[in-house]
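This report refers to the structure that appears directly beneath it.
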Amino acid sequence: MGKLTNAMWRMLGAQASRNQSQSIALIEQSHEHDSWAQELADTEFADSAANLDIESSEGRAKFLAMIREGGGRVLDMTPFDVQLQGALRMLDGDVVEMATGEGKTLAGSIAAIGYALEGRRVHVVSVNDYLADRDAKWMGPLYGLFGITVGTLSEHSTREERQKAYASDVTYASVNEIGFDVLRDQLALHDDDLVSPEPDVVIVDEADSVLVDEALVPLILAGSTEAETPNSAIHEVVSHLKSRHYEVDTDGRSVFLTEEGARFVEDTLGGIDIYGDEHVGSTLIHVNVALYAYYLLERDVDYIVRDGGVHLINAARGRVARLQRWPDGVQAAVEYKENLKPTASGEVIDTITVQALVGRYPRVAGMTGTAIAAGEQFRQFYGLGVSQIPSNKPNVREDEPDRVFDSKANKMEAVVDFVKEVHDTGQPVLIGTHDVAQSEELAYFLDRAEVRSVVLNAKNDREEAAIIAEAGRKGVVTVSTQMAGRGTDIRLGGSDGDGDARAEVVDLGGLCVVGTGRYDTARLDSQLRGRAGRQGDPGRSVFFSSLEDPLVTKNHTHVRDSRPVSSDGAMGARGVEVVEQAQRIAEGAMLQTHGNTWDFNKQVNEQRNSIVRRRMTILKSDRALQDLKEHEPERYEELSETVSDEVLEDAARQIVLYHLDRSWADHLAYAADVQASIHLRALGQQSPLEEFHKLIFAEFTKLFDESMEAARETFRTATITEDGLDTDDADMHRSTMTWTYLVHENHFASAGAQAIQGIVGIFR
Ligand code: ADP
């Protein structure tokens, strides 16, 4: 799929406006049914709704009238027309753009009710458990009125609770939990152990965060193997390196030894040749992993240490991501670096990316404050259209031109001066930073300027929702990393602000949003700006950048003239140009990386699908025994003299599943190895991707036969009695402990590849 030409975009634009006029006409028509809906008793709603011919235009119009009436009656919210428009587009499978504070929660539930009335099963996906639970409870009465059951699940739900939540017509859950359930189903040995239902409709909240920014995050199910302890000699030497011993790539993504560093390491490790055949695959990889942990991963930027453990910071959302860890070598290395006890390591049993997870649903819809800017990704990777829904009240926020400085220091000084000035008037200020360290640095500078601020970051994520809700109070200064996907709106005057508190802040000009640097995409800038000016409120936003910002330095932007135009270091319009160019380069690179990584993952995902299909057949039928009987008729005859077919069926199922799962885990490990070393292999002529596909394909074609071969062997030799299969005797050891996690920031996913890139760097 290539990029769309201008003409094609124009056609899509015409289609989009036709869609909107249709929605508006339908909403218009729905008013004819208002008095009918108003006369329905609460107890009549469910039956009337069930009897609607929801796919006809009259049925839809009546549905909208009922929703309007019902929302006012049980939620005290009569949906605005724009919310109905959003819901209608989601019922058509679009991602809708609705600004912050426009009421996406209600719009999403209207769409979910519509789908449920069509007889479909709906998952409403949030970015975290807290929001899933909040939204399900909040919208609960509306579902109840329509006779639609709603369930929710969280990290802490038991299997029974999960099964119950999924049995509801509409299920609210975080994308992680849904994914982990899909993965854990791969451990099921019986049909009734399965938790995840057949996927049908998914409505994704914060759709760009989930479907674009985090799309390639792999969710992982791992099982215990022996704990891996990092090689302490290697860690000792790496921790003692001087800056001349290693070099960090300009984009800060890989690190490698300099020649001098390599010699130092070789001498310290007893005069070895780390580029020699026997060390390239082991010692050198460990050295590179340790380098990565020591010199690229930064405490308080990439992770924090709390409760005796390393907690990764979710870069996209700036908060601690629970249950996340890096690939084992890196995790152990960071734990070692921080003098922590190493946690058990494991083998990957199964893995799926968010993109593949969402790809399982035949119908996908979504909502976010910034859909249009991600339109190309939605189309290219999911085949989704986007619709821009107008705001209920016109947006009067003032977005001021960027202020760009020559150096980071001058930028920070300007930010502090600006915030102090605004704060002195009493206007609330929300400052967006890029990471935890930057937040703390800024809070420190503000403190010195006698501006007290509340810092919202990964260290106090538990209170984040409460803090954000208060960011609109008079005189409050809030410093926060990444606001995208935080899902809480900011009311002027505070969450419990009465008319007076609100009026006072309105008079002061509403919320003032300050960005301390453009993000890698303008879409994330808009997410931050969008916190101000909700529902027609006044508000302003301004971004401060510098030529030393990573956005500029990482994207190798050509700066023709870096002399400031004034003594405070301001760069004027020229600076803005540089920053915007850097952002365009970053956006292009991201799209490219997404495409490449997706190409790498696609084949493994298709292979996963065939494993899952095979597994399902075995779980739900007597196929395992039939296969073994066909291949090993004599053994079957022998066993069936003493063992009933029922017990044999169960034993056969266990044997076949065990070997299938074993082969799949081995295959995943192989794929990871190949991906990690493909850059080396591809130093020759082949494209890395083609080479990867060739190797993975070849290996997979053998998988089913080989796992069946192993199953036959076990079937021939295992002890099977009327009491069942003796798994110990058959040497069939399933992991005693399993856990789930996700690997953030795609380049962590391939620390191996990073290590290898380090080596390539030296070879060049
Ligand atoms: P978003 O997710 O789009 O930022 P929310 O769903 O959190 O917005 O809703 C923002 C606020 O608007 C909520 O406090 C909600 O109570 C209010 N709201 C939404 N829809 C309506 C409505 N139709 N009438 C009155 N208030 C509404």
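Whatever order the structure lists ligands and atoms in, that order sets their numbers, starting from 1. Everything numeric here is computed off the predicted structure, so don't read it as measured data.
- One finds a salt bridge joining Glu470 and Arg473 here, because a Lys/Arg side-chain nitrogen approaches an Asp/Glu carboxylate oxygen to under 4.0 Å.
- Taking distance alone, with nitrogen or oxygen atoms compared against 3.5 Å, Thr100 stays at or beyond that limit from ligand 1.
- Looking at Arg491, Met139, Arg134 and measuring to atom 13 (C) of ligand 1, the nearest heavy atom belongs to Arg491.
- Of the charged side-chain nitrogens involved, at least one lies within less than 4.0 Å of a carboxylate oxygen, so that Glu580 and Arg518 count as a salt-bridged pair.
- By the 4.0 Å N-to-carboxylate-O rule, Arg363 lies too far from Asp200 to be salt-bridged with it.
- Ion pairing of Asp135 with Lys137 is absent here, as no side-chain N (NZ or NE/NH1/NH2) approaches a carboxylate O to less than 4.0 Å.
- Near Ala99, meaning under 4.0 Å from one of its heavy atoms, ligand 1 places the atoms 3 (O).
- Of the options Arg534, Gln535, Met367, the smallest heavy-atom separation from atom 12 (O) of ligand 1 is shown by Arg534.
- Of the N or O atoms in Leu106, none lie within a sub-3.5 Å distance of an N or O in ligand 1.
- Salt-bridge annotation for Glu587 and Arg584: absent, with no side-chain N of the basic residue lying under 4.0 Å from a carboxylate O of the acidic one.
- Contact between Ala107 and ligand 1 is absent, with no heavy atom of the residue lying under 4.0 Å from the ligand.
- Classification of Arg162 and Glu177 as a salt-bridged pair holds, one side-chain N sitting under 4.0 Å from a carboxylate O.
- Taking a 6.0 Å sphere around CD of Glu398, one finds it holds 12 or fewer heavy atoms contributed by other residues, nucleotides or ligands.
- The shortest N or O to N or O distance between Gln83 and ligand 1 is below 3.5 Å.
- Ligand 1 has no atom lying under 4.0 Å from any heavy atom of Met98.
- Of all atoms in ligand 1, listed by their number and element, those nearer than 4.0 Å to a heavy atom of Pro79 are 23 (N).
- Here is the list of ligand 1 atoms found below 4.0 Å of a heavy atom in Gly103: 1 (P), 3 (O), 5 (P), 6 (O), 8 (O), 9 (O), 19 (C).
- Proximity annotation for atom 23 (N) of ligand 1: of Val82, Thr78, Thr105, Thr78 comes nearest, heavy atoms only.
- In this structure, Ile27 CD1 and Arg60 CZ are separated by 11.5 Å, a value rounded to the nearest 0.5 Å.
- Between Met77 and ligand 1, no N or O atom pair is found at a separation short of 3.5 Å.
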